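Okay, structure first, notes after.
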Amino acid sequence: MTTRVIVVDDQAMVRAGFAALLAAQSDIDVVGEAPDGAQGVELSRRTHPDVVLMDVRMPEMDGLEAARRLLTPPPGVTHRPRVLMLTTFDVDDYVYEALRAGASGFLLKDAPPADLIAAVRVVASGDALLAPSVTRRLIADFARQRPAARGKPALRLKALTERETEVLTLVARGRSNTEIAQDLVLAEQTVKTHVSRVLTKLDLRDRAQAVVFAYESGLVAPGE
């Protein structure tokens, strides 16, 4: 199945380079490009991409606001693409907020071409791009600066079973489903089921939001 992608970046050379690289892949179809967040949102509404590559800092409308509009569309708009944030900084408050808004992860602009292609495929498959240690560090850094929530996020943990809480803890520590299965001596399919139930019960879109939630609820502490 072909993955439909749009590239949103205010630097024309960067935008064209990413588009050309992705378009050369047989399973990826670049359906458009935009120079700022506002035009990116409008383009996404028209073309219905599976994945939006979104620069963080842009004029007119930055990537954070554009991601929010795409991931929390107004009434009547049903399409919600996966959003992969692009940044030149490995620790960036904008990216953290984008993850909270529902972005599926982020990638440094100077990452190797193979990493960009792999990232698009990972996000398109429905997974969050949390494998790079820098992503976990970013979330932990900002969680360290913000006290754990004592209200609704913490209360929502009570909806989980003991096993689901264990699984969420390991997800927040960056474990893959295979690693969680080994840690808890479970079948990998069972772990996938637990992860799915956690996301449903906590009303989270994907693993990226689950990691942020685990830190902000106090389930996982930075540095553990």
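This structure is a prediction, so every number in the text was calculated from the model and none was measured. Note: hydrogens, waters and symmetry copies are ignored here, and every other heavy atom, side chains too, is used.
Remark: L116 CG to L53 CG distance equals 5.5 Å, nearest 0.5 Å. Atom CD1 of I6 sits about 11.0 Å away from atom CD of Q39, to the nearest 0.5 Å. How far CE of M1 is from OG1 of T3: 6.0 Å, rounded to the nearest 0.5 Å. Distance check: D29 CG to T2 OG1 gives 6.5 Å after rounding to the nearest 0.5 Å. If you take OG1 on T169 and CD1 on I180, they are separated by 9.5 Å, rounding to the nearest 0.5 Å. With rounding to the nearest 0.5 angstrom, the CZ atom of R57 is 9.0 Å from the CG atom of D62.
Looking only at distances, no side-chain donor or acceptor of S44 sits under 3.5 Å from a matching main-chain atom of G40. Side-chain atoms of E164 come within 3.5 Å of backbone atoms of T161 as a donor-acceptor pair (strictly under, hydrogens ignored).
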If you look only at distance, which donor and acceptor atoms sit under 3.5 Å apart when one is on a side chain in residues 65-75 and the other is two or more places apart or in another chain?
from	atom 1	to	atom 2	distance (Å)
E65	OE2	R69	NE	3.0

Please list every donor-acceptor pair under 3.5 Å in which a side-chain atom of residues 186-197 meets a protein atom from a residue at least two apart or in another chain.
from	atom 1	to	atom 2	distance (Å)
E188	OE1	T178	OG1	3.2
E188	OE2	T178	OG1	3.2
T193	OG1	Q189	O	3.1

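The list of ring pair (Phe, Tyr, Trp, His ring centres under 6.0 Å) pairs with a residue in residues 14-62, not counting sequence neighbours, reads H48-H79. The side-chain hydrogen bond (donor to acceptor under 3.5 Å, both in side chains) pairs that include a residue from residues 17-27 are D27-R121, where partners are two or more places apart or lie in different chains.
Among residues two or more places apart in sequence or in another chain, the side-chain hydrogen bond (donor to acceptor under 3.5 Å, both in side chains) test is passed with D50 by none. The side chain to side chain contact (heavy atoms under 4.5 Å, CB included) test applied to A214 returns L168, A172, L219, V220, not counting sequence neighbours. Residues meeting the salt bridge (Lys or Arg N to Asp or Glu O under 4.0 Å) test with R46, sequence neighbours left out: E42. Annotation: salt bridge (Lys or Arg N to Asp or Glu O under 4.0 Å) contacts of R163 (sequence neighbours excluded): E166. Checked against side chain to side chain contact (heavy atoms under 4.5 Å, CB included), E60 has the following partners two or more places apart in sequence or in another chain: D36. Contacts of E33 classified as salt bridge (Lys or Arg N to Asp or Glu O under 4.0 Å), with partners at least two apart in sequence or in another chain: R15. With sequence neighbours left out, the salt bridge (Lys or Arg N to Asp or Glu O under 4.0 Å) criterion links D183 to R175. Every residue two or more places apart in sequence or in another chain was checked for a side chain to side chain contact (heavy atoms under 4.5 Å, CB included) with A16, and none qualifies.
Between L84 and S104 the shortest side-chain heavy-atom distance does not fall below 4.5 Å. In this structure the side chain of V77 reaches within 4.5 angstrom of the side chain of R45, judged on heavy atoms. Looking at V31 and V5, their side chains never come closer than 4.5 Å, going by heavy atoms from C-beta outward. You'll find the side chain of D9 reaches within 4.5 Å of the side chain of K109, heavy atoms only. Taking the side chain as every heavy atom from C-beta outward, M54 and V7 never approach each other to under 4.5 Å. No side-chain heavy atom of L86 sits less than 4.5 Å from a side-chain heavy atom of F106.
The minimum heavy-atom distance linking A23 with V30 is given by the pair N-CG2, 3.7 Å. Pairing each heavy atom of L204 with each of A210, the nearest pair is CD1-CA, 3.6 Å. In this structure, M85 and L64 approach most closely via the heavy-atom pair CE-N, 4.3 Å. When all heavy atoms of L21 and P113 are compared, the closest pair comes out as CD2-CB, 3.6 Å.
Salt-bridge annotation for D206 and R82: present, with a side-chain N of the basic residue lying under 4.0 Å from a carboxylate O of the acidic one. Looking at D203 and R156, no side-chain N of the basic residue comes within less than 4.0 Å of a carboxylate O on the acidic one, giving no salt bridge.
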Review point. Step by step, would you call V120 with L22 a side-chain contact (heavy atoms from CB on, under 4.5 Å)?
Key: CA-CA 9 Å; V120 169; L22 294 171; 3.9 Å; yes
Exercise for review: Report the C-alpha distance between K201 and L160 in whole Å, list the side-chain angles of each, state the deciding distance to 0.1 Å, and finish with yes or no for side-chain contact (heavy atoms from CB on, under 4.5 Å).
Suggested key: CA-CA 7 Å; K201 287 184 177 182; L160 303 182; 4.0 Å; yes
